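Just so you know, these numbers come straight off a predicted model, no measurement behind them.
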Amino acid sequence: YGCTNRYLLVRLRNETNELARVVAALTRRDATGTFGGDIRLELIREAADVANFAMMLADNNAQATDFVEATKPRRTRP
């Protein structure tokens, strides 16, 4: 992506704050019984932004073999 970890982390924090703002607005509207599709669509968009920046950060820091190893199921002790 060509972005530094620092940049991606700042953007991830910003997007997380935006997501929290939308969730709070949705919660307030839900409590009053009035909310429209626009806020729900905004929630989906902000959640996608958070996920995208989180994955870019993960991609910046993972080798292909590391990713395969990290996604293998972990053994649990009995």
K.L.:
May I have the list of side-chain donor-acceptor pairs in residues 15-26 shorter than 3.5 Å, sequence neighbours left out?
P.N.:
from: Glu15; atom 1: OE2; to: Arg11; atom 2: NH2; distance (Å): 3.0
from: Thr16; atom 1: OG1; to: Leu12; atom 2: O; distance (Å): 2.7
from: Asn17; atom 1: ND2; to: Arg13; atom 2: O; distance (Å): 3.4
from: Arg21; atom 1: NH2; to: Glu42; atom 2: OE2; distance (Å): 3.0

K.L.:
Show the nearest heavy-atom pair for residues Thr4 and Asn60, with the distance to one decimal.
P.N.:
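Looking at all heavy atoms of both residues, the shortest contact is C-ND2, 4.2 Å.
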K.L.:
Answer with yes or no whether the hydrophobic clustering places Val10 together with Val50; edges join I, L, V, M, F, W, Y residues whose side-chain heavy atoms lie under 4.5 Å apart.
P.N.:
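Val10 does not cluster with Val50.
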K.L.:
Output all residues satisfying salt bridge (charged side-chain N to carboxylate O under 4.0 Å, His left out) with Arg45, sequence neighbours left out; order by chain, then residue number.
P.N.:
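By the salt bridge (charged side-chain N to carboxylate O under 4.0 Å, His left out) rule, Arg45 matches no residue at all.
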K.L.:
Using the salt bridge (charged side-chain N to carboxylate O under 4.0 Å, His left out) criterion, which residues pair with Glu46? Sequence neighbours excluded.
P.N.:
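Per chain and number, Glu46 pairs via salt bridge (charged side-chain N to carboxylate O under 4.0 Å, His left out) with no residue.
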